[in-house]
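Positions are given from 1 along the sequence. First listed ligand is number 1; within each ligand, the first listed atom is number 1.
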Amino acid sequence: MRFDVFTLLPEVFKPYLSTSILQRASQKGLIEVHLHNIRHWATDKHQTTDDEPYGGGGGMVMKVEPIFAAVEDVLGSPPPCPVILLTPQGRLFNQQIAEELSHLSQIALICGRYEGLDERVREHLASDEISIGDYVLTGGELAALILIDAISRPIPGVLGDPMGAQADSFAMGLLEYPHYTRPPEFRGWKVPDILLSGDHGKIARWRREQSLLRTWQRRPDLFEKATLTQTEQRFLESLQQSQIEKNQNPPENNESRD
Ligand code: ADE
């Protein structure tokens, strides 16, 4: 997978890309991240990449020409791959989008800065717009790093453990089960006995149930899309039933306090 990132702040990317699992992934040739500083395509002597907005108002707007020049110079015209603009106005990023994009061989990412960027980039250069959440960052760089990270993880070989990405939270459409490692007891808090039992069948069932329980408690909206086996469906129904019973049972000391 090749990422071409167009940004005014290429230095922001380097520390993260050179210290994480992603560095190993590039050393193994599984991903390539090419950083392109949009400023290099500015043509005036001050290398201007922003200007005042037409119509007035505060703030500066990123200029259209250096962005087009950078993308077309590096990728050609038309670009042979999706050109994704990072913007809070884009479609909301999630695991499904990350997995879909992870099958591609090349992706271009454009990071906006300042108060905005010339609308013609959105209209005539970007083929997709992605937001990482309903909040506004000072630029698209952190969003681009998040995309690079999440899109790289499902690529075979990027994670040391080949099952790692599959067991991830969200990869199965549910939240992940709880994890423990040594020691078996810390300050009186014990690791659940079942995990020490060595019974792999029981452990797998417990993990799946924990995953269902957590999702039910914290993110019930995820069930709308998750595919459950019949056993899992029954487990979920038993959780729902126990909740109904709890709500129906009168509290133990429910005498009137009037
Ligand atoms: N740029 C600024 N805010 C952003 C967001 N929430 N997602 C993607 N890009 C952004």
>> Please list the nearest protein heavy atom to atom 9 (N) of ligand 1 with its residue and the distance rounded to 0.1 Å.
In response: Thr87 N, 3.2 Å
>> Nearest non-hydrogen contact with atom 3 (N) of ligand 1 belongs to which option: Leu86, Leu137, Leu147?
In response: Leu137
>> Val136 versus ligand 1: do any nitrogen or oxygen atoms come within less than 3.5 Å of each other?
In response: no
> Side chain, backbone, both or neither: which part of Ile130 has a heavy atom under 4.0 Å from ligand 1?
Replying inline: backbone
>> Distance alone, cut at 3.5 Å: any donor-acceptor contact between the side chains of Gln23 and Ser18?
In response: no
>> Return the closest protein heavy atom for atom 7 (N) of ligand 1 as residue, atom name and distance.
In response: Ile132 N, 3.0 Å
> Which protein non-hydrogen atom lies closest to atom 10 (C) of ligand 1, naming both residue and atom, and how far is it?
Replying inline: Pro88 CD, 3.6 Å
> Taking heavy atoms and a distance under 4.0 Å, where does Asp134 meet ligand 1: side chain, backbone, both or neither?
Replying inline: neither
>> Can you confirm whether Arg120 is buried at CZ, in the sense that more than 12 heavy atoms of other residues, nucleotides or ligands lie under 6.0 Å from that atom?
In response: no
> When you check the gap from the basic side-chain N to the acidic O, do Asp50 and Arg113 get nearer than 4.0 Å?
Replying inline: no
> To which protein heavy atom is atom 6 (N) of ligand 1 closest, and what is the distance rounded to 0.1 Å?
Replying inline: Tyr135 O, 2.8 Å
> Does a side chain donor of either Gln241 or Glu237 reach within less than 3.5 Å of an acceptor in the other side chain?
Replying inline: no
> Between Ala143 and ligand 1, which residue portion shows a heavy-atom distance shorter than 4.0 Å: side chain, backbone, both, or neither?
Replying inline: side chain
> Do Arg214 and Glu176 meet the salt-bridge criterion of a basic N to acidic O distance under 4.0 Å?
Replying inline: no
